[in-house]
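Reading through the structure tokens given below for one structure.
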Amino acid sequence: MPNELNSLLQDTYFYQAITRDKIKDAYERYCNGYEKALQGLKGQMLQDETAKLWRNFQDARDNALNVFDREHERAFDNLAKYLTEEYTKAPNTAVNNTLTAFSMRSSLSKGDVEAAALSMSGSLMGLSTLRDIVSRIAPNCTAFIPLVPSFSEVLQLVENQKNARSDSMHNYLKVAPGKIDGLGEINNYLFDPESGLQSFSDA
């Protein structure tokens, strides 16, 4: 994976992990304060203290999510911009010469195709065109060319991933007042940034 692409992918994970930790820390402070209030206060004083603790947690959660929304959008916009540039980048002269030469051939060997695919591995447009040419001349050799998904498929994958992780983050520790066992509920975090993302990175 190119270093720039890897960096952009890591950027999409970064604020999700930070936001999770901020919300988790705020929730733990709420739980600790709530339990302490239950042990030492009663009546109106207890109600006032638990209400204040809840407001503090909600404020911290909202602030963390506001930052997340902005940075999450920015990170995925940068990823989509990079992919757009890669998909629309014209093949260089060497790639064009190879494509032209292949298009005039009546037969192609496995070795020819593998070498050509390797030489133009940095050109998405070149690989896509090579696959089209080889599928006409030597269809049994297309397996030696990486399958390049369409531009629209890639953008949709990015958009779906962005939305799924945003929804997940906004559902993290979305609990009712007085609930202090939320950390034990896996459904509070529907898209763990530490797992389940490998298929997205691979794609």
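Both backbone and side-chain heavy atoms feed into the values below; hydrogens, waters and symmetry mates do not.
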Hits for salt bridge (charged side-chain N to carboxylate O under 4.0 Å, His left out) against Glu73, two or more places apart or cross-chain, chain-then-number order -> Lys162
Full working for side chain to side chain contact (heavy atoms under 4.5 Å, CB included) between Tyr82 and Leu9: CA-CA 11 Å; Tyr82 170 84; Leu9 286 172; over 6 Å; no
Contacts of Thr12 meeting side-chain hydrogen bond (donor to acceptor under 3.5 Å, both in side chains) (sequence neighbours excluded), chain-then-number -> Arg165
Residues pairing under ring-ring contact (aromatic ring centres under 6.0 Å, His included) where one sits in residues 111-131, two or more places apart or in two chains, turn out to be none
| task | State, with a plain yes or no, whether a side-chain heavy atom of Leu65 is found less than 4.5 Å away from one of Ile23. | result | yes
Can Leu79 and Leu5 be said to form a side chain to side chain contact (heavy atoms under 4.5 Å, CB included), step by step?
CA-CA 8 Å; Leu79 177 60; Leu5 177 57; 3.6 Å; yes
To the nearest 0.5 Å, atom CG of Asp77 lies from atom CG of Leu8 at 11.5 Å
Practice problem: Report the C-alpha distance between Arg70 and Asn66 in whole Å, list the side-chain angles of each, state the deciding distance to 0.1 Å, and finish with yes or no for side chain to side chain contact (heavy atoms under 4.5 Å, CB included). | Solution: CA-CA 7 Å; Arg70 183 180 67 248; Asn66 286 337; 5.8 Å; no
Closest heavy-atom pair, Tyr30 versus Ile180, reported as atoms and distance to 0.1 Å, is CE2-CG2, 4.3 Å
Any side-chain heavy atom of Tyr172 within less than 4.5 Å of one from Thr19?
-> no
#### Entry: Leu118-Met120 co-clustered via ILVMFWY side chain contacts under 4.5 Å
no
Sequence neighbours excluded, the answer for ring-ring contact (aromatic ring centres under 6.0 Å, His included) partners of Tyr15 is none
Sorted by chain and number, sequence neighbours left out, side-chain hydrogen bond (donor to acceptor under 3.5 Å, both in side chains) with Lys81 holds for none
ring-ring contact (aromatic ring centres under 6.0 Å, His included) pairs touching residues 109-134, sequence neighbours excluded, are none
Got a list of side-chain donor-acceptor pairs under 3.5 Å for residues 124-131, not counting sequence neighbours?
residue: Thr129; atom: OG1; partner: Met125; partner atom: O; Å: 2.9
residue: Arg131; atom: NH1; partner: Thr142; partner atom: O; Å: 3.1
residue: Arg131; atom: NH1; partner: Ile145; partner atom: O; Å: 2.8

* Are Phe57 and Cys31 side-chain neighbours, meaning at least one heavy-atom pair lies under 4.5 Å? -> no
Without placing hydrogens or testing angles, list every side-chain donor-acceptor pair under 3.5 Å for residues 32-47, not counting sequence neighbours.
residue: Asn32; atom: ND2; partner: Glu28; partner atom: O; Å: 3.2
residue: Gln44; atom: NE2; partner: Asp48; partner atom: OD1; Å: 2.8

Applied to residues 112-161, the ring-ring contact (aromatic ring centres under 6.0 Å, His included) test, sequence neighbours excluded, yields Tyr87-Phe151
Rounded to the nearest 0.5 Å, the CZ atom of Arg20 sits from the CG atom of Asp25 at a distance of 10.0 Å
Sorted by chain and number, sequence neighbours left out, salt bridge (charged side-chain N to carboxylate O under 4.0 Å, His left out) with Asp11 holds for Arg74
In this structure, OG of Ser168 is separated from CG of Asn163 (nearest 0.5 Å) by 12.0 Å
*Look at Arg61 together with Asp59 and state whether they make a salt bridge at an N to O cut-off of under 4.0 Å.*
no
Residues 147-157 vs side-chain hydrogen bond (donor to acceptor under 3.5 Å, both in side chains), sequence neighbours excluded, gives Ser150-Ser152, Ser150-Glu153, Gln156-Asn160
May I ask you to test the Gln161-Phe76 pair for a side-chain heavy-atom distance under 4.5 Å?
yes
In a table with atom names and distances, give each donor-acceptor pair under 3.5 Å that connects a side chain of residues 102-111 to protein atoms at least two apart or in another chain.
residue: Ser103; atom: OG; partner: Leu99; partner atom: O; Å: 3.4
residue: Ser103; atom: OG; partner: Thr100; partner atom: O; Å: 2.7
residue: Arg105; atom: NE; partner: Ser107; partner atom: O; Å: 3.4
residue: Arg105; atom: NH2; partner: Asp112; partner atom: OD2; Å: 2.7
residue: Ser109; atom: OG; partner: Asp112; partner atom: N; Å: 3.1
residue: Ser109; atom: OG; partner: Asp112; partner atom: OD2; Å: 3.1

